[in-house]
Number of protein chains: 2
Amino acid sequence: MFLERMQPFQLKPVDFSVLSVVAHNPGITSRQLCTALGILPPNLVGMVNALEKRELVLRRPHPHDGRAMGLHLTPSGQKLMRDAEKTAAALEADVASRLTPAEQRTLISLLKKVYQPE
Amino acid sequence: MFLERMQPFQLKPVDFSVLSVVAHNPGITSRQLCTALGILPPNLVGMVNALEKRELVLRRPHPHDGRAMGLHLTPSGQKLMRDAEKTAAALEADVASRLTPAEQRTLISLLKKVYQPE
DNA sequence: TATTGTTATACTCTATAACTATA
DNA sequence: TATAGTTATAGAGTATAACAATA
């Protein structure tokens, strides 16, 4: 369902995540982004390159660290993400509405109870 | 957790699934196995080759269809799967025991209610 | 003509080693 | 010396096309 709803934006899940984290953390470095998303640095390079080619993000030199690059959304990237995040929120609301608020709380509580990694 | 518990048997999840389906459906053809597991035929070949090299499964000509091969577990494959399935059942019981039977029923019911693919 | 098993192949995802430039 | 970003590369996982043997 997420794939379908993101098709108008031509965003894969990982692209959405990258753009969303950058949108809410402008100037974040590649390293920090990798840590936040559980992506390895070599695998992020190509994604950012592609998003940069689409003029959705841009790399700017980091103000305090000459080695690092700060990531930012372009104006068109910001516009795209406003719409994409609205769509994602609508999807979540659609799915959540299948349960009453009480059921939602029960489900989350039971899932937390079963999910205890050893 | 499944990966860890299957390590003594050197079985990846897909290997466990293949061996389990063959164990309970001796003589099943590659096509049927692919349909059952959602695997594409070209991608099953290598898995069965590897399991055959480990002498866990064997391909025998199909009795009624000269094109097809019937898949069977070897004696050592049967022994391995008896232990592996016991281990898998124990894991499932361990996780299930984190909820009371009533909670288990509630969780399954709520999950069924949210999971309605569009 | 259609199907089974197979080969070859390509594309994606993920992972590690090593380089460069800065710290 | 350690770290950030990058390159090259290797290994899984997954997908399609095409072929030989058989139906």
Side-chain angles (χ1 to χ4, degrees), chain A residues 2-4 6-7 9-22 25-54 56-74 77 117, chain B residues 2-4 6-7 9-22 25-54 56-74 77 117:
Chain A
F2 187 82
L3 293 179
E4 282 174 20
M6 287 301 128
Q7 207 166 355
F9 308 105
Q10 286 293 297
L11 294 180
K12 288 178 295 185
V14 67
D15 295 321
F16 179 91
S17 301
V18 165
L19 293 178
S20 181
V21 171
V22 173
N25 302 273
I28 190 174
T29 68
S30 296
R31 278 293 156 152
Q32 293 171 325
L33 185 55
C34 283
T35 302
L37 298 181
I39 296 174
L40 290 172
N43 299 329
L44 180 68
V45 178
M47 302 178 201
V48 174
N49 284 345
L51 295 172
E52 205 169 23
K53 194 164 291 177
R54 291 171 62 185
L56 298 175
V57 301
L58 51 85
R59 284 182 251 233
R60 284 215 299 251
H62 192 278
H64 304 316
D65 189 336
R67 300 167 300 180
M69 304 296 292
L71 298 173
H72 303 264
L73 291 200
T74 65
Chain B
F2 187 81
L3 293 178
E4 283 175 20
M6 286 301 129
Q7 206 166 355
F9 308 106
Q10 285 292 296
L11 293 181
K12 288 178 295 186
V14 67
D15 296 321
F16 179 91
S17 300
V18 165
L19 293 178
S20 181
V21 172
V22 173
N25 301 275
I28 190 175
T29 68
S30 294
R31 280 290 157 158
Q32 293 171 323
L33 184 54
C34 283
T35 301
L37 297 182
I39 297 174
L40 291 171
N43 299 329
L44 180 67
V45 177
M47 301 178 201
V48 174
N49 284 345
L51 294 171
E52 205 169 23
K53 194 164 293 178
R54 291 171 63 185
L56 298 175
V57 300
L58 51 86
R59 286 183 250 235
R60 285 214 298 249
H62 192 277
H64 305 316
D65 188 335
R67 300 167 300 180
M69 304 295 293
L71 298 174
H72 303 263
L73 292 199
T74 64

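Please read all numbers here as calculations on a predicted model, not as lab measurements. Letters A, B, ... mirror the listed sequences (proteins, then strands); counts begin at 1. Computed over heavy atoms, backbone and side chain alike; hydrogens, waters and symmetry mates excluded.
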Peer 1: Rounded to whole Å, how long is the line connecting atom CE of B/Met47 with atom P of D/dG13?
Peer 2: 7 Å
Peer 1: May I ask you to evaluate whether A/Lys12 reaches the phosphate of C/dC13, defined as a side-chain N or O under 4.0 Å from OP1 or OP2?
Peer 2: yes
Peer 1: Using atom CG of A/Leu33 as one end and atom P of D/dT6 as the other, report the distance to the nearest whole Å.
Peer 2: 12 Å
Peer 1: Among C/dA15, C/dT6, C/dG5, which nucleotide sits nearest the side chain of B/Arg59?
Peer 2: C/dT6
Peer 1: Nearest-Å distance, CE (A/Met69) to P (C/dT20)?
Peer 2: 19 Å
Peer 1: Does A/Val57 form a side-chain contact (heavy atoms from CB on, under 4.5 Å) with A/Leu71? I'd like the steps, not just the answer.
Peer 2: CA-CA 7 Å; A/Val57 301; A/Leu71 298 173; 5.6 Å; no
Peer 1: Any side-chain heavy-atom pair from A/Leu33 and A/Ile39 closer than 4.5 angstrom?
Peer 2: no
Peer 1: Starting at CG of B/Leu71 and ending at C1' of C/dG5, how long is that distance when rounded to a whole Å?
Peer 2: 11 Å
Peer 1: Expressed in angstrom and rounded to an integer, what is the separation of B/Ile39 atom CD1 from D/dA15 atom P?
Peer 2: 11 Å
Peer 1: Hey, is the side chain of A/Ser30 poking within less than 4.0 Å of OP1 or OP2 on D/dG5, counting only N and O atoms?
Peer 2: yes
Peer 1: Looking only at the aromatic ring of each residue, does the gap between the centers of A/Phe16 and A/Phe9 stay below 6.0 angstrom?
Peer 2: no
Peer 1: Take atom NE2 of A/His62 and atom C1' of D/dT3, then tell me their distance rounded to the nearest Å.
Peer 2: 13 Å
Peer 1: With the side chain of A/Asn43 defined as its heavy atoms from C-beta on, choose the nearest nucleotide among C/dT14, C/dT16, D/dA15.
Peer 2: C/dT14
Peer 1: Between A/Arg31 and D/dT6, is there a contact of a side-chain N or O with OP1 or OP2 at under 4.0 Å?
Peer 2: no
Peer 1: Mark yes when over 12 heavy atoms from residues, nucleotides or ligands other than A/Arg54 sit less than 6.0 Å from its CZ; otherwise mark no.
Peer 2: yes
Peer 1: Where each residue is assigned the nucleotide of DNA chain D containing its nearest heavy atom, which of B/Asp65 and A/Gly70 is assigned the position nearer the 5′ end?
Peer 2: A/Gly70
Peer 1: When the distance from CG of B/Leu40 to P of D/dT16 is rounded to whole Å, what number comes out?
Peer 2: 7 Å
Peer 1: For the side chain of A/Val45, starting at C-beta, report the closest nucleotide among C/dT4, C/dA15, D/dT6.
Peer 2: D/dT6
Peer 1: Map B/Gln32 and A/Arg67 onto DNA chain C by nearest heavy atom, then report which one ends up closer to the 5' terminus.
Peer 2: B/Gln32
Peer 1: Mind calculating the distance between CG (B/Leu44) and P (C/dT7) to the nearest angstrom?
Peer 2: 12 Å
Peer 1: Less than 4.5 Å apart, side chain to side chain, heavy atoms only: is that true for A/Thr29 and A/Met69?
Peer 2: no
